[in-house]
Amino acid sequence: MRLKDCESCLVYGSDKKPLSRARVYEVKENVLQLFFSTSKLRNARLKTIVDFYDGKQGLVRCACDMTLKKNPKSYEAGEPWMADCTIIKIYETFQRQKDIRAKVQIATEFVVDDGRFVPGTIQNISAGGLYFVTTQQLIKGQNLSFVYKFKTDSHRVTARILRIQELRGGYGYGCQFRELSQNQEADIRNFVYVRQIQGQLERQKKHGLAIEEA
């Protein structure tokens with residue numbers, strides 16, 4: 001298997017719990033180098049699970065052979081550890097669905113198709129759409145847009161209101177994205193994936209995750 005658009009991954013420890021996020025560099029098909037910003041690793045050889053986020057294929061879960069070692073060029077990128085990684089088996093590709101969401105709190109301004117500017121807060125987002133809350137009343141079927149930097153470039157994204165929820169002091173709107181370009185969709189997927197990883201790692205902080213040497 002060759003990754004098509006992969007810049008990051010999540011490496012699991014020997015206890016099958018999330019260990020660390022890593023930057024991905026593809027050397028050749030099935031052969032990669034991973035770079036870690038955390039300093040809490042040690043020299044080890046292991047066989048473990050890695051979730052690769054590919055902007056075109058989705059989340060690809062693989063069994064990998066890895067050799068963890070000190071990064072001799074850590075001073076250049078602030079990544080003290082690296083790993084030589086070989087993909088030995090693909091378990092599944094399962095994050096291509098558009099309904100996998102990340103919880104967020106993003107304050108932004110929406111431009112509605114009737115010309116109004118509506119302040120709101122995005123509370124969750126996926127590659128297929130978003131849910132936001134505001135004090136202003138809108139209509140089902142209306143289109144709106146907003147600008148946000150999901151990765152490195154700012155995108156103006158358009159969505160349509162599909163459902164309305166009355167809240168105390170405001171309204172919640174479930175929206176579906178419209179006419180996303182491939183770059184927009186890939187950047188949103190990457191954003192959702194990174195947020196999911198951050199949430200997983202935060203939940204694991206209180207546990208002492210260790211890598212067992214092979």
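Because only heavy atoms are used, hydrogens play no part in the values below, and waters and symmetry mates are left out as well, while side chains stay in. Model, not experiment: these values are computed from the prediction. Positions are given from 1, in the same order as the sequence printed here.
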Between [X] and [Y], is there shared hydrophobic-cluster membership here, with clusters defined by ILVMFWY side-chain heavy atoms closer than 4.5 Å?
X    : Y    : result
L180 : V192 : yes
V118 : I106 : yes
L41  : V50  : yes
I125 : V111 : no

Taking atom [atom1] of [X] and atom [atom2] of [Y], what is their separation to the nearest 0.5 Å?
X    : Y    : atom1 : atom2 : value
I87  : C64  : CD1   : SG    : 5.0 Å
L32  : D84  : CG    : CG    : 10.0 Å
R42  : L68  : CZ    : CG    : 9.5 Å
K151 : R189 : NZ    : CZ    : 13.0 Å
L144 : L130 : CG    : CG    : 7.5 Å
L10  : L19  : CG    : CG    : 8.5 Å

Closest non-hydrogen atom pair, [X] against [Y]:
X    : Y    : result
S39  : W81  : O-NE1, 3.4 Å
P80  : G78  : CD-O, 3.5 Å
C175 : I161 : SG-CG1, 3.9 Å

### Task
Go through the steps for Q33 and M82 under the test side chain to side chain contact (heavy atoms under 4.5 Å, CB included), then give the verdict.
CA-CA 7 Å; Q33 286 186 322; M82 63 177 294; 3.5 Å; yes
#### Entry: side chain to side chain donor-acceptor pair (under 3.5 Å): pairs with one or both residues in residues 157-168, sequence neighbours excluded
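Listed by first then second residue: Y131-Q165, N143-R160.
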#### Entry: All side-chain contact (heavy atoms from CB on, under 4.5 Å) counterparts of V194, not counting sequence neighbours
R21, N190, Q198
### Task
Could you list the residues that satisfy side-chain contact (heavy atoms from CB on, under 4.5 Å) with S181, not counting sequence neighbours?
N183, Q184
### Message
Taking Y12's backbone N and O only, do any of them form a donor-acceptor pair with T48's side chain (distance below 3.5 Å, no angle check)?
### Response
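Flag set: sc T48 to bb Y12 pair under 3.5 Å.
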### Message
Filter on ring pair (Phe, Tyr, Trp, His ring centres under 6.0 Å), then keep only pairs touching residues 152-183, sequence neighbours left out; what's left?
### Response
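Of all non-adjacent pairs touching residues 152-183, those that pass ring pair (Phe, Tyr, Trp, His ring centres under 6.0 Å) are F132-Y173.
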### Query
Are side-chain heavy atoms of L138 and I164 found at a separation under 4.5 Å?
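Of all side-chain heavy-atom pairs linking I164 with L138, none is under 4.5 Å.
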Partner residues of [X] under the ring pair (Phe, Tyr, Trp, His ring centres under 6.0 Å) criterion, sequence neighbours left out:
X    : answer
Y148 : F150, F191
F36  : none
F146 : F110

### Task
Show your reasoning for whether side chain to side chain contact (heavy atoms under 4.5 Å, CB included) applies to M66 and V11.
CA-CA 10 Å; M66 291 177 53; V11 177; 4.0 Å; yes
### Task
Please step through side chain to side chain contact (heavy atoms under 4.5 Å, CB included) for the pair V60 and I90, ending with a clear verdict.
CA-CA 7 Å; V60 185; I90 301 171; 4.0 Å; yes
Please list, chain by chain and in numerical order, all residues satisfying side chain to side chain donor-acceptor pair (under 3.5 Å) with [X], sequence neighbours excluded.
X    : value
N124 : R101
Q123 : none
K89  : none
Q142 : D114

#### Entry: E179 atom CD: more than 12 heavy-atom contacts under 6.0 Å
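No.
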### Query
Given a cutoff of under 4.5 Å between side-chain heavy atoms of I, L, V, M, F, W and Y, with clusters grown through shared members, what are the other residues clustered with V147?
none
### Query
Checking side chain to side chain contact (heavy atoms under 4.5 Å, CB included) for the pair L34/C9: CA distance, chi angles, key distance, verdict?
CA-CA 8 Å; L34 310 183; C9 68; 4.0 Å; yes
### Given K70, K73, R23, the one that forms salt bridge (charged side-chain N to carboxylate O under 4.0 Å, His left out) with E79
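Going through K70, K73, R23 one by one, the salt bridge (charged side-chain N to carboxylate O under 4.0 Å, His left out) with E79 is satisfied by R23 alone.
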